*Asks:* 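Here it is: the structure, laid out below.
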Amino acid sequence: MKAHVELKDELSSVTEWGANVRTERHQPDYILMITVLMLTGIGVVTIYSASMVYDLHMGLSPGHFAVRQLAAAILGLVAFAVCTYIPYHFWYRHAAKCLLASVALLLLVMVPGIGHRSLGASRWIGTSSFHLQPSELAVIAIVLYLAFLLTKKLPVLHDSKRALRPALVITYLLTILVFAEPDMGTAMTLFLSATVLLFASGLRIKPLVLTLAVSFGLGVLGAHMASYRSSRLTAFFHPFQHAQTSGYQLVQGLTAIANGGWTGRGFAASISSTGYLPESYTDFIFAVFTEEWGWLGDIGLLAIFAVLIWRGFHIARYARDRFGSLLAIGLTSTIIIQAAINLGAVTWMLPVTGIPLPFISYGGTDVAINLLAAGILMSVSRETGLVMPEEDTIADIISVDELRAERSQSESTEAKFPSLQQPARVTRLSSRRGRKRGNAQTRQQDVGAPARSQRNLSLSWRAQQEMASDRRGRQNGRNSESSRDKRNRGKR
């Protein structure tokens with residue numbers, strides 16, 4: 001009975017210590033913050049130069065669209081600052097609510113009279129002057145929910161029915177709702193972001209590859225379901241043969257990029273934005289930027305995006321727990337995917353899909369949502385560790401069969417001590433690679449190991465690594481003291 005009380009006190013103290021470690025915060029990642037502010041500022045300035053002639057032609061002020069983008073950016077910066085100082089575990093507790101709200105908005109946008117329809121698509125809620133695009137929120141909602149789900153399902157991660165299937169159902173549900181607006185570009189971004197999270201979580205590769213292959217086939221089929229989508233594919237394969245019809249925008253974008261040269265024409269000196277290039281301040285704003293600042297300017301812009309991506313994955317690598325890592329990976333991936341699709345379309349590497357360039361293209365909802373996502377990423381950066389975790393830590397799992405075996409073995413212990421809750425043990429993936437699963441004797445030894453060697457799932461894996469490093473530091477300190485005493489005795 002005494003041993004039982006000591007064991008219970010030890011487990012409670014370890015859990016309390018882990019909770020304290022999770023709440024220790026430091027300064028956010030200022031490199032990421034400066035990068036986000038630079039991209040937002042570049043976007044507002046480029047929108048001003050790309051839309052100035054169009055504004056004058058429509059009888060508006062020269063900075064009409066730039067002012068609207070600046071107002072949306074200010075709102076986004078407020079959300080950025082607020083989310084930076086909200087602990088990111090807040091999103092773990094409310095991920096399911098965010099998902100339900102996103103699904104409700106996606107359904108609401110299809111209701112006649114509520115959803116704002118433009119150019120044959122119903123993608124917005126509100127008036128023509130102020131509206132919200134729910135599909136942009138759905139991209140963030142799927143990242144939050146999958147990070148929550150794949151963290152909660154950690155002990156049964158290799159059980160496809162309990163982990164993979166729920167994740168795919170939610171992903172396909174949101175993808176279909178966005179695709180039905182119709183908005184194939186955002187649906188593609190949502191699905192690819194979810195796929196990156198599924199791969200990063202440590203799920204089995206084979207069912208994921210099969211799912212991706214089937215989804216690719218369905219995507220190609222969906223691209224031919226509408227005439228305007230099939231015309232985009234035709235324009236992608238033969239743009240110069242359709243230079244006056246479906247390939248006009250792509251040809252004009254390539255012309256603007258070629259006219260930019262190495263140094264560009266200068267600020268507000270773009271010829272393509274004077275009426276030759278449609279949507280010059282939205283989807284094809286990169287072509288206007290290249291014409292004004294040249295290929296050297298493109299290198300600088302891409303370098304800023306590269307810094308943002310580097311800091312995002314750096315935060316994911318040093319995050320204290322699995323949820324923080326998956327959250328940082330998902331949010332960074334959304335920016336990568338949007339930028340890659342947009343740049344690929346403008347430079348004739350991908351078909352035109354209507355995806356804006358993050359932080360640069362005109363769109364109030366887009367810039368506000370991207371700044372909100374960056375704020376959540378900054379919140380994760382406030383709780384990163386100082387030491388890089390060991391490899392495969394994010395993929396630490398325990399097989400379902402072994403978990404069930406441990407539960408059956410622990411029934412007798414729980415019957416004797418009902419107040420003691422036996423924690424589930426999480427074993428390193430790398431330690432299992434050299435061990436045969438059929439070795440019953442080894443598995444029995446693992447089950448019967450003392451409770452000190454078991455890991456509590458409520459404790460973050462980053463906290464566990466810090467506990468181990470602290471123990472190694474104390475051991476090294478004792479060894480150095482003993483060696484110092486031996487040298488002193490030798491001198492005497």
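Not measured: the values here are computed from a predicted model. Sequential numbering from 1 along the given sequence is applied to the chain's residues.
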*Asks:* Classify the ring geometry between W293 and F289 as parallel (under 30°), tilted (30 to 60°) or perpendicular (over 60°).
*Replies:*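 Geometry flag for F289 against W293: tilted rings.
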*Asks:* Tell me whether the count of non-hydrogen atoms from other residues, nucleotides or ligands lying under 6.0 Å of CZ in F216 goes above 12.
*Replies:* no
*Asks:* Quick one: CE on M38 to CG on L301, what's the gap to the nearest 0.5 Å?
*Replies:* 9.5 Å
*Asks:* Is the closest side-chain heavy-atom distance between L174 and L99 below 4.5 Å?
*Replies:*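 In contact.
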*Asks:* What do the steps show when you test I335 against F359 for side-chain contact (heavy atoms from CB on, under 4.5 Å), and what is the final call?
*Replies:* CA-CA 9 Å; I335 298 175; F359 302 103; 4.2 Å; yes
*Asks:* Any non-hydrogen side-chain atom of M184 less than 4.5 Å from a side-chain atom of T353?
*Replies:* no
*Asks:* Keeping S193 on the side-chain end and G330 on the backbone end, is there a donor-acceptor pair under 3.5 Å?
*Replies:*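 Judged by distance alone, no pair lies under 3.5 Å.
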*Asks:* Can you list the residues that meet the ring-ring contact (aromatic ring centres under 6.0 Å, His included) rule with Y48, with sequence neighbours excluded?
*Replies:*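 Not a single residue meets the ring-ring contact (aromatic ring centres under 6.0 Å, His included) criterion with Y48.
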*Asks:* Side chain to side chain donor-acceptor pair (under 3.5 Å), that's the test. Do H89 and D321 meet it? Break it down for me.
*Replies:* CA-CA 10 Å; H89 292 98; D321 53 38; 2.6 Å; yes
*Asks:* Are L132 and L137 packed together at the side-chain level, in the sense that at least one heavy-atom pair is separated by less than 4.5 angstrom?
*Replies:*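 Yes, side chains in contact.
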*Asks:* Compile the donor-acceptor pairs under 3.5 Å between side chains in residues 338-345 and protein atoms, sequence neighbours left out, one pair per line.
*Replies:*
unit_1: Q338; atom_1: NE2; unit_2: T334; atom_2: O; d: 3.4
unit_1: N342; atom_1: ND2; unit_2: D283; atom_2: O; d: 2.9
unit_1: N342; atom_1: ND2; unit_2: I355; atom_2: O; d: 2.6

*Asks:* For Y362 and Q69, what are the C-alpha separation, side-chain angles and deciding distance, and is it a side-chain contact (heavy atoms from CB on, under 4.5 Å)?
*Replies:* CA-CA 6 Å; Y362 174 76; Q69 183 77 358; 3.5 Å; yes
*Asks:* Could you check whether any side-chain heavy atom of L146 comes within less than 4.5 Å of a side-chain heavy atom of T171, counting everything from C-beta outward?
*Replies:*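 Touching, per the 4.5 Å side-chain cut-off.
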*Asks:* Checking E136 now: which residues fulfil salt bridge (Lys or Arg N to Asp or Glu O under 4.0 Å) with it, not counting sequence neighbours?
*Replies:* none
*Asks:* For the residue pair F191 and L212, establish whether any side-chain heavy-atom pair is separated by less than 4.5 Å.
*Replies:*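 The answer is yes; the side chains approach within 4.5 Å.
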*Asks:* Please check this pair: side chain of S379 against backbone of Y85, looking for a donor-acceptor N/O pair closer than 3.5 Å.
*Replies:* no
*Asks:* Please tell me if the side chains of I336 and F313 come closer than 4.5 Å, counting only heavy atoms from C-beta onward.
*Replies:*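 I336 vs F313: side chains touch.
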*Asks:* Assess whether side-chain contact (heavy atoms from CB on, under 4.5 Å) is satisfied between T195 and L208, documenting all intermediate values.
*Replies:* CA-CA 8 Å; T195 304; L208 284 179; over 6 Å; no
*Asks:* For residues L327 and L331, determine if any side-chain heavy atom of one lies less than 4.5 Å from a side-chain heavy atom of the other.
*Replies:*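 Contact flag for L327/L331 side chains = yes.
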